[in-house]
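Positions are given from 1, in the same order as the sequence printed here. Side chains are part of it too, since the values below use all heavy atoms of this structure and drop only hydrogens, waters and symmetry mates. Everything numeric in this text was worked out from a predicted model, so none of it was measured. Counting starts at 1 for both ligands and their atoms, following the listed order.
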Amino acid sequence: MPGLSGKRILFGVTGSIAAYKAADWLRSLVKEEAMATVVMTEAAARFVSPLTFSALSGQAVYHDMFDQAPDLVMAHINLSRGADAILVAPATAQTIARLAHGMADNLLSTVILAARIPVVICPAMNSQMLSHPATQDNIRRLASFGYHFVQPGRGELACGEIGDGRLADWDAAREKLLSLFAPDDLKGQTVLITAGPTREALDPARFLSNRSSGKMGFALARTARRRGATVILVAGPVQLPDPPEIEVVHVTTAEEMRRAVMDRAATAHVVVKSAAVADFRPSTYADHKIKKTPQGIQIDLIKNPDILAELGAHRLSGQILVGFAAESRDHAGEGQRKLIEKNVDLMVVNDILGKATGFDVETNQVTLMDREAAVTLPLLSKEETADRIWDKVLQMQNGPPRP
Ligand code: CTP
């Protein structure tokens, strides 16, 4: 099942002004077909009415430890029993302190103390409260118990100050949750991924580029991170947010991409070149806008460096090189040719003319081609396709499965 669909999340909301953002997070969980049950502290219920959360989740919201309703008498034990994970957002300094000291003086802290499932904490508070040694000590203590933290962001806080302590973005919390449900099989590996198009400028107003959206490369980056890898993503110009917990290097031209890749390739166990690098660039750059002429103009193009071929020519021992081949015809032949010519371990071949496999769509159907065989995957989301590519990379690193 993709994403968080079907996952049962116990969602603890505590008393910070950021509690209103939790309502939006709950909406995102419901939209994704996760099953969320909300437990609020008394202070959270002062900021946002429990009615808001029950209307959004379509379920009762829990906050009273001493509720007499028969099905709630053992709520502190039962609530976490059916859940896959606990998400506490926003988590105040008070709740973090409570949890760090094993206190059980409200329903949420009691539920968490009684639970044996992963807990994700998203702190949100004033930056002085966050940096106070007591809070930092509590965070370290909870981390040592195995609790997962989503770093708060920096920016303007509700109190008017600027600093650390803003509730993280939903994207960061979602990625943390997804990583709990993913295998840890890329842990200890650094993966370098390129994504998106490159742009080759003609004049201050115009450039040559292509239709790559970067979605496949970003899906590879997110799934690798979830599986425990350290990820470096070299991205051409794309309309996608930087994924959390990933070093993103933004570049524009093929030359810049080459430099960014070559500077970092030596540290990578795996390099995946999913970028659609422009093969050519204008031979000259006009400092001023080129004016139209009645007879039209000729543009001279010169060849860009082939980054993948360069990596293939100076292979580091043990490094796995993965290339992409986006083709409109003779997919198998072209994939095979590039596999050999560029000296790579794996080519991912796809059809750019297909409606569900071309540029800027959410799905892809690829053929994974190595020196022994070519296997065509079914039509999948780009994230599912990315996971299959990582499975294949791991299989290549570990050798053939033992009989
Ligand atoms: N690639 C690269 N540098 C280039 C061109 C391509 O690193 N200047 C990489 C792409 O990132 C991809 C693979 O090479 O992983 C194949 O790219 P593709 O555009 O399909 O092939 P080309 O080498 O451009 O070959 P052709 O123009 O013959 O299709």
Side-chain angles (χ1 to χ4, degrees), residues 191-201 207-221 224 232-238 249-266 268 270-283 301-316 319-354 357-360 364-371 374 382 385-386 389-390 392-393 396:
V191 303
L192 173 61
I193 299 164
T194 68
T198 65
R199 262 184 204 170
E200 313 297 328
F207 54 79
L208 297 179
S209 191
N210 59 64
R211 292 175 51 208
S212 168
S213 65
K215 286 181 179 169
M216 191 63 236
F218 275 58
L220 281 157
I232 307 168
L233 175 62
V234 178
V238 293
V249 185
H250 291 281
V251 298
T252 304
T253 66
E255 259 306 340
E256 286 169 11
M257 184 172 279
R258 179 190 165 274
R259 225 168 303 133
V261 168
M262 295 308 163
D263 285 351
R264 293 165 178 83
V270 186
V271 182
V272 185
K273 286 242 54 235
S274 66
V277 186
D279 287 327
F280 302 99
R281 66 175 183 273
S283 59
L301 299 176
I302 54 172
K303 200 171 168 299
N304 266 330
D306 188 322
I307 307 165
L308 186 59
E310 192 173 337
L311 290 167
H314 307 98
R315 295 178 64 93
L316 300 177
Q319 188 177 62
I320 298 274
L321 273 187
V322 182
F324 270 67
E327 305 295 343
S328 58
R329 64 179 171 188
D330 188 18
H331 303 75
E334 282 298 287
Q336 196 62 35
R337 176 176 70 79
K338 291 174 189 177
L339 181 78
I340 306 298
E341 279 182 11
K342 301 195 187 214
N343 191 27
V344 301
D345 301 288
L346 180 67
M347 282 305 288
V348 182
V349 187
N350 75 321
D351 179 18
I352 55 168
L353 298 183
T357 61
F359 294 113
D360 208 14
N364 210 351
Q365 181 165 25
V366 302
T367 299
L368 303 184
M369 195 178 277
D370 64 14
R371 309 224 167 198
K382 285 189 171 166
T385 304
I389 294 169
W390 294 124
K392 175 73 185 168
V393 165
M396 294 174 89

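- Below 3.5 Å of separation, one finds no N or O of Gly323 facing any N or O of ligand 1.
- Checked by distance only, ligand 1 and Thr194 stay at 3.5 Å or farther apart across all their nitrogen or oxygen atoms.
- Within a 6.0 Å sphere centred on CZ of Arg371, other residues, nucleotides and ligands contribute more than 12 heavy atoms.
- Within the 4.0 Å heavy-atom cutoff, Ala326 counts among the residues contacting ligand 1.
- In terms of protein heavy-atom proximity, atom 3 (N) of ligand 1 is nearest to Ile307 N, 3.1 Å.
- For Asp306, heavy-atom contacts with ligand 1 shorter than 4.0 Å involve the backbone as well as the side chain.
- Leu220 and Trp390 get closest at one heavy-atom pair: O-NE1, 3.2 Å.
- Scanning the protein heavy atoms around atom 8 (N) of ligand 1, the nearest turns out to be Pro305 O, 2.8 Å.
- Residues forming a salt bridge (Lys or Arg N to Asp or Glu O under 4.0 Å) with Glu256 (at least two apart in sequence, or on another chain): none.
- For Asp330, there are no salt bridge (Lys or Arg N to Asp or Glu O under 4.0 Å) partners at least two apart in sequence or on another chain.
- If you look at Ala276 next to ligand 1, there are no close heavy atoms at all, none under 4.0 Å.
- Closer than 4.0 Å to atom 19 (O) of ligand 1 lies none of the heavy atoms of the protein.
- The side-chain hydrogen bond (donor to acceptor under 3.5 Å, both in side chains) test with Asn364 singles out one residue from Asn350, Thr357, Thr385, and that residue is Asn350.
- Nearest protein heavy-atom neighbour of atom 28 (O) of ligand 1: Arg337 NH2, 3.0 Å.
- Scanning the protein heavy atoms around atom 16 (C) of ligand 1, the nearest turns out to be Phe324 O, 2.8 Å.
- Nearest to atom 15 (O) of ligand 1 among the protein's heavy atoms is Lys273 O, 2.6 Å.
- In this structure, the side chain of Thr194 engages the main chain of Ala275 through a donor-acceptor pair within 3.5 Å.
- Ranking the protein heavy atoms by distance from atom 11 (O) of ligand 1 puts Ala275 O, 2.7 Å first.
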Practice problem: Could you walk me through whether Arg211 and Asp360 pass the salt bridge (Lys or Arg N to Asp or Glu O under 4.0 Å) test, one step at a time? | Solution: CA-CA 7 Å; Arg211 292 175 51 208; Asp360 208 14; over 6 Å; no

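- Annotation: atom 22 (P) of ligand 1 to nearest protein heavy atom, Lys342 NZ, 3.8 Å.
- Closest protein heavy atom to atom 29 (O) of ligand 1: Lys338 NZ, 2.8 Å.
- How far CE of Met347 is from CG of Leu308: 6.5 Å, rounded to the nearest 0.5 Å.
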